[in-house]
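Heads up, the thing below is written out as structure tokens.
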Amino acid sequence: MSRIESRFAALREEGRVGLVTYLTAGDPDSDTSLRLFAGLAAAGADLIEIGMPFSDPMADGPVIQEAGQRALKQGMNLRGTLALASELRRADEATPIVLMGYYNPIYRYGPGTFSHDAVAAGIDGVIVVDLPPEEDGELATPARDAGLDLIRLATPTSDDHRLPLIVERASGFLYYVAIAGITGTRSADSADVVTAVARLRRFTRLPIAVGFGIRTPEQAAQVACAADAAVVGTALVQRLALNLDPDGRAKPGLVDAVLADVRALATGVREARR
Amino acid sequence: MQVPNSLRGGPDERGHFGIYGGRFVAETLMPLVLELETAYGAARQDPGFHAELDYYLKHYVGRPSPLYFAERLTRHFGGAKLYLKRDELNHTGAHKINNVLGQTLLAGRMGKRRIIAETGAGQHGVATATACALFDLPCVVYMGATDIERQKPNVFRMKLLGAEVIPVHSGTATLKDAMNEALRDWVAHVEDTFYVIGSVAGPHPYPAMVRDFQSVIGHETRVQLEKAEGRLPDTLVACIGGGSNAMGLFHPFLDMPHVAMIGVEAGGHGIETGLHSASLTGGRPGVLHGSRSYLLQDEDGQIRDAHSISAGLDYPGVGPEHAWLHDIGRIQYVSITDQEALEAFQLSSRMEGIIPALEPAHALAHVAKIAPTLPREHLIVMNMCGRGDKDIFAVADHLGVKL
């Protein structure tokens, strides 16, 4: 059983939904980033998403765009992201780690080499925002051979005609993008999410994580009622950004401030099904 | 690599030209891109759509644009005979309007009431704002803050035409960032919005659709040159940013093996300096803005800044069909530096009374290199795809003239 499967099985057993947290690798610098990621599991994150910085993140709002720019300026790249994951894995054998980003850095690295190196680093899955099912064969095949889950996305525009194609070769979990829009711009409507997730379940038995537009513990709890996990990204990156000095360097309390938010979100999600 | 019998049959049903092209977009946009493909497929088969487009191209744009024998330049070069395809005489001053009218009419057929576009130099933005004024559609144009600074007259034109111009500050604040922002807008307004892409770039079906709308340039050229010289051209020359004016001129001639074609990229300060916009000459294959093509990028796949004196060529990518034609060797791609383009800009102004845009000045600079070496019966057609009114401030600045 993969780490992702085990984690969702354990969550089901506990009768609760999971919290997935997103932060960009290397933001605001490698050292702080590593300390942040290393503290996530203890703060209540059930699954860790690591953003792979990209110069042109067309599905992201300003907050995550800037996180990527900060990371790139500090010299972060795909190789460094894999090294970061590898370091996390050494200290935590259980928490699933998923990479999220855009295709060009993976294409440049080579989809086969990437799949192999990602699994060797202890990474469990990858979400590639600009790689729809029509184009993902060149990554899906080496990923499957290496044992890396290619996590597919469903959105409010994915109709009943399209969903079978999306779930056909999906693995790990299904990521439901709760809003038609970019990250961090508007809040997801929980009634819509409940309806959408119910519809998705007619097409797949995979666990469903809901992301985009979830900022507060309350929203996370509402969304969590319907799904198997709630993903929070922009709100955490924004907290990080609020703890930078004018030169973009981490202030002393940055790690604690972000992890405190993670704890609050974890509490919100945990109270959801009581 | 397998080369098909006809070079004009692409892309395949999935939008690929060889390994290039495709639909690398967020899942949210996939149903929209597929809907567009269906709608364009239907419009393409509909004589009513073509009749409407032809009406506006003739009466509103002023097509056909003349094919003009550039007698003085020909004499000056002392070799091949040079014809200029005068697309700079179109309404709004460039070839961009050919494509914009096609896409805007298509938007109307699809019931999309809100138009968005990206622009670099502002020519595509002006053309889109113009079509939106004509058809009474709300228009939002995304433009990099850097480009807004260096293309002020076009920004004011767009505003006069009723468009909302939104400055883009993210990334490098140029054309690629404007395109990112337009894609972000589209993802957030999926119900009512049509994204009018300005070049043979973006996800399928845009590269093929924009090429089809621009092919009017090549079709007219063939008829006009037949009339003037009774034969086909020997060499076609056009500048390449994304590559729409070049594709429009070249595509109808692709299956005629004796017609040579040269695409001229912006070499900026010179390819060896790294400060250029020549994706085919100085880039590598990658994925950006919905398709796979040649891109300026670093080892990690991060997109690099493009550099050119011409804002319209200042883009780190190129249309996927060009990438394919480059790899199979059908079209030759070369580059011209800022300095060479500036010289050609002045040469055209003095010798023919045509102030060219800086974009086709790159094409003319290459003509200046090859024409003298070719025999007098050799026919060159160069696409004069835009006029230079928008560039006079930038050129004055480079020449050290204070206006």
Side-chain angles (χ1 to χ4, degrees), chain A residues 52-62 65-66 68-69 72 75-81 101-110 114 127-138 152-159 161-163 165-166 175-177 179-183 185-186 212, chain B residues 13-16 19 21-35 37 168-172 174 176-191 193 202-204 284-293 295-305 316-317:
Chain A
M52 301 177 275
F54 182 50
S55 53
D56 294 80
M58 64 172 183
D60 284 303
Q65 288 173 35
E66 282 160 25
Q69 290 296 329
L72 290 173
M76 186 46 79
N77 55 25
L78 187 48
R79 209 165 290 280
T81 305
Y102 297 82
Y103 187 49
N104 198 50
I106 295 174
Y107 178 58
R108 212 51 263 162
Y109 197 96
F114 166 79
I127 305 169
V128 190
V129 177
D130 54 353
L131 203 59
E134 281 83 348
E135 303 288 354
D136 73 5
E138 64 192 53
R152 284 193 168 157
L153 301 128
T155 75
T157 60
S158 311
D159 55 21
H161 179 69
R162 189 157 174 78
L163 279 172
L165 177 69
I166 294 173
Y175 190 123
Y176 180 64
V177 175
I179 55 166
I182 53 176
T183 53
T185 45
R186 52 175 112 153
F212 283 47
Chain B
E13 69 285 357
R14 289 161 63 225
H16 293 159
I19 66 161
R23 289 173 287 218
F24 294 84
V25 294
E27 181 55 39
T28 313
L29 290 180
M30 270 311 290
L32 283 80
V33 165
L34 293 169
E35 180 196 4
E37 185 187 345
V168 177
H169 297 280
S170 59
T172 52
T174 58
K176 81 174 173 76
D177 307 288
M179 198 151 176
N180 288 332
E181 213 54 36
L183 285 163
R184 291 178 186 125
D185 177 304
W186 201 18
V187 172
H189 299 91
V190 293
E191 294 302 326
T193 295
H204 178 63
R284 281 173 301 179
V287 172
L288 180 72
H289 294 155
S291 59
R292 189 190 330 251
S293 188
L295 296 174
L296 301 181
Q297 56 183 317
D298 67 14
E299 286 299 323
D300 188 42
Q302 308 296 336
I303 308 307
R304 278 183 21 208
D305 295 354

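Within every chain, numbering begins at 1; the chains are lettered A, B, ... in the order of the sequence lines, protein sequences first and strands thereafter.
Taking CD1 of A:Ile179 as the start and OG1 of B:Thr28 as the end, the distance is 8.5 Å to the nearest 0.5 Å. Rounded to the nearest 0.5 angstrom, B:Glu181 CD and A:Asp56 CG are separated by 11.0 Å. A:Leu72 contributes atom CG, which lies 7.5 Å from atom CG of B:Asp300 (distance to the nearest 0.5 angstrom). The CG atom of B:Leu288 sits 7.5 Å away from the OG atom of A:Ser55 when rounded to the nearest 0.5 Å. The structure places CE of A:Met58 at 6.0 Å from CG of B:Leu183, a figure rounded to the nearest 0.5 Å. Between the CG atom of A:Asp60 and the CZ atom of B:Arg184 there is a distance of 7.0 Å, given to the nearest 0.5 Å.
Side-chain contact between B:Phe24 and A:Asp136 is absent, with no heavy atoms from C-beta onward closer than 4.5 Å.
Of all the listed residues (B:His16, B:Glu191, B:His169), the one sharing the greatest number of non-hydrogen pairs under 4.5 Å with chain A is B:His16. Options B:Pro31, B:Ala26, B:Gly22, B:Gly301 differ in how many heavy-atom pairs under 4.5 Å they form with chain A, and the most are formed by B:Gly301. Note: B:Met30 leads B:Arg304, B:Met179, B:Met30 in heavy-atom pairs under 4.5 Å with chain A.
Using a 3.5 Å distance cut-off with no hydrogens or angles, the side chains of A:Glu134 and B:His204 do not pair a donor with an acceptor.
When atom types are taken as modelled, the side chain of A:Glu135 and the backbone of B:Arg23 share a donor-acceptor pair closer than 3.5 angstrom.
B:Glu27 and A:Leu153 make their closest contact through CG-O, 3.3 Å (heavy atoms, listed as atom of the first residue, atom of the second, distance). Between B:Leu34 and A:Arg162, the shortest heavy-atom distance links the atoms CD1-NH1, 3.7 Å. Between B:Ser170 and A:Gln65 the shortest heavy-atom distance is CB-OE1, 3.2 Å. Heavy atoms only, all atoms of each residue included: B:Val187 and A:Ile182 are closest at CG1-N, 4.4 Å. Here the closest non-hydrogen pair linking B:Gln302 and A:Pro105 is NE2-CG, 4.2 Å. Across all non-hydrogen atoms, the minimal contact from A:Pro132 to B:Val25 is CD-O, 3.4 Å.
When heavy atoms are compared at a cutoff of 4.5 Å, A:Ile166 approaches chain B solely by way of its side chain, counted from C-beta outward. Contacts between A:Arg152 and chain B at a heavy-atom distance below 4.5 Å are absent for every atom of the residue. Interface remark: B:Asp185 contributes no atoms to any contact with chain A (heavy atom separation under 4.5 Å). Both the backbone and the side chain of A:Phe54 come within contact range of chain B, each with at least one heavy atom under 4.5 Å from a heavy atom of that chain. Residue B:Pro203: no heavy atom, backbone or side chain, is found under 4.5 Å from chain A. For A:Pro57, the parts lying near chain B are the backbone and the side chain together; criterion is any non-hydrogen pair under 4.5 Å.
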For A:Arg79 and B:Glu299, what are the C-alpha separation, side-chain angles and deciding distance, and is it a salt bridge (Lys or Arg N to Asp or Glu O under 4.0 Å)? CA-CA 11 Å; A:Arg79 209 165 290 280; B:Glu299 286 299 323; over 6 Å; no
Working for side-chain contact (heavy atoms from CB on, under 4.5 Å), residues A:Asn104 and B:Leu295: CA-CA 10 Å; A:Asn104 198 50; B:Leu295 296 174; 4.2 Å; yes
